[in-house]
Amino acid sequence: LRFTLRFVLFASSLLMRDLFYVEESQLIVKQNPLTLRNLSTLADVLKEGGRLNEAAEFYRKGLEGREEILGVDHPSTLEVVNSLALLLELKKSFDESEELFKRALAGRTKMLGEFHPQTCDTAFNLGDLYRKLGRYKPAAEMYRHAVQGYSENLGIKHNNTIVTLQRLDELAVLEAQQCNCIIS
């Protein structure tokens, strides 16, 4: 744990140093795809280090640049949308997180296909959000979508397929408990 924390802080300081000029010139961000990738990497490091507000800021800057350079439906742009949604879920900004997951899901479906593994990853993430919010029916729909895509593309024995099937089982238990509480 100590090594991991030191690594996160070290990596964070290096990326901050390399991106220091980003604050001075938005033009650099919008013209350099490498800088955009570094923004996402820095956001990932900050998130792992528990610095969620700073991470969100860097995800948003990277997203803005990717939208301008690559377009709103480019797979790299949608990856940042998904990452930002996950971060906002951690921050308990559930409405904005849901909106971004839906955007990523629609974009990935359009660009990659309904059952592409990345599309299924976003469906799984949206299912997790719905489960946390107690919205079991839409959660189950998202998990079923993910299971279908994972099993078709990765196989029934792949970890993603297995974990998603476990989530569906957990939902069935939660729904049963909810029904028992209502009946009691």
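In this chain, residues are counted from 1 in sequence order.
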Exercise. Would you say E48 and D44 make side-chain contact, with heavy atoms under 4.5 Å?
Worked result: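 In short, these two side chains do not touch, never coming nearer than 4.5 Å.
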Problem set entry | K110 NZ: over 12 foreign heavy atoms closer than 6.0 Å | no
For this session: Start with the C-alpha distance between Q178 and L174, add both sets of side-chain angles, then the distance that settles side chain to side chain contact (heavy atoms under 4.5 Å, CB included), and finish with yes or no.
Result: CA-CA 6 Å; Q178 190 178 49; L174 290 170; over 6 Å; no
Exercise. When you check the side-chain N and O atoms of E170 and Q166, is any donor under 3.5 Å from an acceptor?
Worked result: no
Rounded to the nearest 0.5 Å, how far does [atom2] of [Y] lie from [atom1] of [X]?
{"X": "T122", "Y": "L100", "atom1": "OG1", "atom2": "CG", "answer": "11.0 Å"}
{"X": "Y59", "Y": "L84", "atom1": "OH", "atom2": "CG", "answer": "8.0 Å"}
{"X": "K91", "Y": "E89", "atom1": "NZ", "atom2": "CD", "answer": "13.5 Å"}

Problem set entry | Ring centres under 6.0 angstrom apart (F115, H145) |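 Between F115 and H145, the centre distance is under 6.0 Å.
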For this session: Would you confirm whether S97, through its side chain, and L88, through its main-chain N or O, come within 3.5 Å as a donor-acceptor pair?
Result: no
Exercise. Is there a donor-acceptor pair closer than 3.5 Å between any side-chain N or O of T109 and the backbone N or O of L105?
Worked result: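 Yes, because the side chain of T109 sits within donor-acceptor range (under 3.5 Å) of the backbone of L105.
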Exercise. Can K61 and E57 be counted as an ion pair, charged N to O under 4.0 angstrom?
Worked result: yes
Exercise. Is the shortest distance from a Lys or Arg side-chain nitrogen in K102 or E98 to a carboxylate oxygen in the other one below 4.0 Å?
Worked result: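 Salt bridge between K102 and E98, a charged N being under 4.0 Å from a carboxylate O: yes.
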Exercise. With sequence neighbours left out, which residue pairs that include part of residues 116-131 fulfil the salt bridge (Lys or Arg N to Asp or Glu O under 4.0 Å) condition?
Worked result: D128-R131, D128-R167
For this session: Test L87 against every option in N53, L46, L52, N82 by the side chain to side chain contact (heavy atoms under 4.5 Å, CB included) rule and name the one that passes.
Result: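 Result: among N53, L46, L52, N82, L52 is the only option passing the side chain to side chain contact (heavy atoms under 4.5 Å, CB included) with L87.
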Exercise. What do the steps show when you test F124 against Y143 for ring-ring contact (aromatic ring centres under 6.0 Å, His included), and what is the final call?
Worked result: CA-CA 6 Å; F124 178 88; Y143 289 146; 5.5 Å; yes
Exercise. With E79, which residues qualify under side-chain contact (heavy atoms from CB on, under 4.5 Å), at least two apart?
Worked result: S83, R108
